[in-house]
Amino acid sequence: MSITLDLSRAQPATAAPVNLSGLTREGLRQALIDADICPPEKAKMRASQVWGWIHHYGVTDFSLMTNIGKDVQAKLAAAFTLARPEIVERQVSNDGTRKWLIRTAPGIEIETVYIPDVGRAGALCVSSQVGCTLNCTFCHTGTQKLVRNLTAAEIVAQVQVARDDLGEWPSPKEDRRLSNIVFMGMGEPLYNLDHVADAIDIISDGDGIALSRRRTTVSTSGVVPKIQELGERTGTMLAISLHATNDDLRNELVPLNRKYPLAQLMDAIRAYPGLGNSKRVTFEYVMLKGVNDSLAEARALVKLLKGVPAKINLIPFNPWPNSPYECSDWDRIEAFADVVNRAGYASPIRTPRGRDIFAACGQLRSESEKLRASVLKKQRLAGEA
Ligand code: SAH
Ligand code: SF4
């Protein structure tokens, strides 16, 4: 059963004034100076205070910043905002997965998914773009045109919304429910690296949300020229949407492969900063019946990854309306996994989560539109009756 609550707020978030949640520490310091909140010599200290309220306590109201004088609180409130975006829809799956449809601006809707019992305690799957410019043939997000890159504030907001809902303010030191972040929602994070890197700086800061970079994973379909930069700027874990072991098939499934073929991709992965046994690359491999799921391909996969510190995630294909593929049979997935297991990769099958609320890999955004269209239709019919 899925539960839908309408938590809409009356006031939609607007582009101005600036939301302080999306500024890095340095950005915040500069913003306080530019808005004449304090003189430059006091800005670092002031920024630290404000930072703690926003990112450790999660406050959305400047008047709660009790170690800041009322006059300064008023100036902050006049110049900036801390408002959360509008939550259009919240759904909870029967497996505990939660999904939020968040509207940050008119026409800008993002899906974010919390999956319990993944990673150390639970993982948040965040989006980096609305839609995607790439057209991987098995991905529903890829069938939608890109609306735009998300700002750092919109990426951080996804974490804030999840923590509001999970009751994780102030930042718990232990027993967190949200312990890991994966950039595996809508969009290609390496086409929005500046904002993704700023957002990671903000959410990993030890005086705030403090989600470790080692528990943050950025997934890419293979934007080769940005892989090194990702490692240098963010220090996060890398995931690669591989899905095929030869260029012919990968060209078809992940068209970006035509621009950056497998040999180049593997070279970039081998050069990823900090790679080693404690920092392995995750290879995602969607199981498509009769397309990429032969045992010969399992062996080719093992061969391709030889010498790369790697984890393998076999993802059962999540179907969507009129999708051109089917999910491999379970027996085949297990046989494929056996080959991979025998080569030393543990528990490689990723159990689909949140399928009942269309929160599983590759199902984001589009299904929401479909659901909402059907709700609208119902309402229309009810109105006509
Ligand atoms: N654009 C980035 C980040 C999205 S991650 C990337 O492609 O890596 C989402 C993961 O889910 C990717 O590995 C993607 O290939 C996979 N995926 C997409 N559609 C899917 C589907 N229908 N079923 C299962 N996995 C899918
Ligand atoms: Fe875009 Fe990733 Fe989907 Fe490919 S799999 S279309 S890169 S979101």
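- Between the R233 side chain and the L230 main chain, no donor and acceptor come within less than 3.5 Å of each other.
- Listed for the D329 side chain is no donor-acceptor partner under 3.5 Å among the backbone atoms of R332.
- One hydrophobic cluster, built from ILVMFWY side chains closer than 4.5 Å, holds both V72 and Y57.
- If you check the side chains of D207 and W51, you find no donor sitting under 3.5 Å from an acceptor.
- Here the side chains of L134 and Y191 are in contact, with some heavy-atom distance below 4.5 Å.
- To the nearest 0.5 Å, the span separating CG on L265 from CZ on R270 amounts to 10.0 Å.
- Distance check: I181 CD1 to M237 CE gives 14.5 Å after rounding to the nearest 0.5 Å.
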**Message:** Please evaluate residues V308 and F283 with respect to the criterion side-chain contact (heavy atoms from CB on, under 4.5 Å), reporting the C-alpha separation (whole Å), side-chain torsions for both, the decisive distance (0.1 Å), and the verdict.
**Reply:** CA-CA 11 Å; V308 181; F283 287 90; 4.2 Å; yes

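- Within the model, atoms CD1 of I54 and CG of L20 stand 4.5 Å from one another, a figure rounded to the nearest 0.5 Å.
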**Request:** Apply the test side-chain contact (heavy atoms from CB on, under 4.5 Å) to residues V159 and L211: give CA-CA distance (whole Å), side-chain angles for both, the deciding distance (0.1 Å), then the verdict.
**Result:** CA-CA 10 Å; V159 182; L211 279 162; 4.3 Å; yes

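- We find the CD1-OG1 distance between I240 and T282 to be 9.5 Å, quoted to the nearest 0.5 Å.
- Looking only at distances, a side-chain donor or acceptor of N192 sits under 3.5 Å from a matching main-chain atom of S128.
- Rounded to the nearest 0.5 Å, atoms OG1 (T234) and CD (E229) are 10.0 Å apart.
- At least one donor-acceptor pair under 3.5 Å links the side chain of N19 to the backbone N or O of A83.
- Looking at R215 and R176, their side chains never come closer than 4.5 Å, going by heavy atoms from C-beta outward.
- Hydrophobic clustering (ILVMFWY, side-chain heavy atoms < 4.5 Å, transitive): F62 and I33 are in distinct clusters.
- Under a 3.5 Å cut-off, the side chain of R163 and the backbone N or O of W169 do not form any donor-acceptor pair.
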**Request:** Kindly indicate, with the supporting measurements, whether the criterion side-chain contact (heavy atoms from CB on, under 4.5 Å) is fulfilled by E252 and T137.
**Result:** CA-CA 7 Å; E252 202 183 294; T137 46; 5.7 Å; no

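- Using modelled atom types and a 3.5 Å distance limit, the side chains of S204 and R213 yield a donor-acceptor pair.
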**Request:** Please report the C-alpha distance between N180 and T217 in whole Å, then the side-chain angles of each, then the deciding distance to 0.1 Å, and finally whether the side-chain contact (heavy atoms from CB on, under 4.5 Å) criterion is met.
**Result:** CA-CA 8 Å; N180 294 63; T217 302; over 6 Å; no

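- Between the side chain of T220 and the backbone N or O of G222 there is at least one donor-acceptor pair closer than 3.5 Å.
- For the residue pair T245 / Y285, no side-chain donor-acceptor distance below 3.5 Å is found, with atom types taken as modelled.
- Using a 3.5 Å distance cut-off with no hydrogens or angles, the side chains of E334 and W330 do pair a donor with an acceptor.
- The existence of a salt bridge linking R25 and D201 is excluded, since no basic side-chain nitrogen approaches an acidic carboxylate oxygen closer than 4.0 Å.
- No single ILVMFWY cluster, assembled from side-chain heavy atoms under 4.5 Å apart, contains both M45 and L23.
- Salt bridge status for K226 with E188: absent, with no side-chain N to carboxylate O gap under 4.0 Å.
- Looking at heavy atoms from C-beta onward, F183 lies out of side-chain contact with T236 at the 4.5 angstrom threshold.
- From Y272, atom OH reaches atom CD1 of I227 across 9.0 Å, with rounding to the nearest 0.5 Å.
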